[in-house]
Amino acid sequence: EDQVTQSPEALRLQEGESSSLNCSYTVSGLRGLFWYRQDPGKGPEFLFTLYSAGEEKEKERLKATLTKKESFLHITAPKPEDSATYLCAVHLPSIVGAQKLVFGQGTRLTINP
Amino acid sequence: DGGITQSPKYLFRKEGQNVTLSCEQNLNHDAMYWYRQDPGQGLRLIYYSQIVNDFQKGDIAEGYSVSREKKESFPLTVTSAQKNPTAFYLCASSTRARSNQPQHFGDGTRLSIL
């Protein structure tokens, strides 16, 4: 069974305190991995796509990396506005013409000023 | 601006009632999706549609129905057969030809039971 697990479930940091969120997966084939940010009461907002092990993507204070079994979302010197739930989703090659995504349960990140 | 519009934002269902959630997109995407989000769980796929007049069941389709009469619209009906409908419902879309592009999401509809 395809599974995606995110850890920790919740993380509370002080402003400026860097850390990493983990997304580990056991799936039968990987076309890519997506990271999304979700604010309360809103839909997920796309952040990054990673396609192959060793790939890295950066955007402002966020950097996403990918290995064969997991992905990390590194957050450097976070600010309170970075507080959100971060979701990862694995793209599986099982539906022609549409995407089959398996989502993790998310990490709820809180940055205290 | 291009995007996905879901309505209503909040919806209440009475016992034995069917309710319909609206999803409209102006991104010219071929594929559209409905997900259900429950606290502490990942998004779960209810139904998806690759093209007009075609749709497929996802992982948790029981108690739900959809239609795709127009490219821009993919409404979801939560029927009385869905015994635990309280959840946050998200609609998404993606391009078909370049399916490695990310899905774009609406801002959801929160459904509760009266």
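Proteins come first, then strands; the chains are lettered A, B, ... in the order of their sequence lines, and each starts at number 1.
Contacts with chain B were tallied for A:Arg108, A:Gln6, A:Lys42, A:Glu45; A:Lys42 has the most, counting heavy-atom pairs under 4.5 Å. Your options are A:Gly41, A:Gly32, A:Gly106, A:Pro44, and the one with the most heavy-atom pairs under 4.5 Å with chain B is A:Pro44.
Annotation: B:Glu62, atom CD; neighbour count of heavy atoms from other residues, nucleotides and ligands within 6.0 Å does not exceed 12. Summarising the local packing, CZ of A:Arg12 is surrounded by 12 or fewer heavy atoms from other residues, nucleotides or ligands at distances under 6.0 Å. Atom NZ of B:Lys14 has 12 or fewer neighbouring heavy atoms from other residues, nucleotides or ligands inside a 6.0 Å radius. Counting heavy atoms of neighbouring residues, nucleotides and ligands inside a 6.0 Å radius, atom OH of B:Tyr10 does not exceed 12 of them. The 12-atom threshold is not exceeded at CD of A:Glu9, counting heavy atoms of other residues, nucleotides or ligands nearer than 6.0 Å.
Linking Ile, Leu, Val, Met, Phe, Trp and Tyr whenever their side-chain heavy atoms come within less than 4.5 Å leaves B:Val78 and B:Tyr35 in two separate clusters. The cluster map of Ile, Leu, Val, Met, Phe, Trp and Tyr, joined by side-chain heavy atoms under 4.5 Å apart, puts A:Leu50 and A:Leu62 in the same cluster.
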| message | Would B:Asp59 and A:Lys100 count as a side-chain contact (heavy atoms from CB on, under 4.5 Å) here? Give the steps. | response | CA-CA 10 Å; B:Asp59 300 318; A:Lys100 169 66 174 177; 2.8 Å; yes
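Of the atoms belonging to A:Phe48, not a single heavy atom falls under 4.5 Å from chain B. Interface residue B:Gln37: only side-chain heavy atoms are found under 4.5 Å from chain A. Of the two parts of B:Asp38, neither the backbone nor the side chain holds a non-hydrogen atom closer than 4.5 Å to a non-hydrogen atom of chain A.
When atom types are taken as modelled, the side chain of B:Gln103 and the backbone of A:Leu101 share no donor-acceptor pair closer than 3.5 angstrom. B:Tyr48 contributes no side-chain N or O that, together with a main-chain N or O of A:Gln99, makes up a donor-acceptor pair within less than 3.5 Å.
Aromatic ring centres of B:Phe105 and A:Phe46 lie farther apart than the 6.0 Å criterion allows.
The shortest non-hydrogen separation linking A:Gly43 to B:Leu90 is CA-CD2, 3.7 Å.
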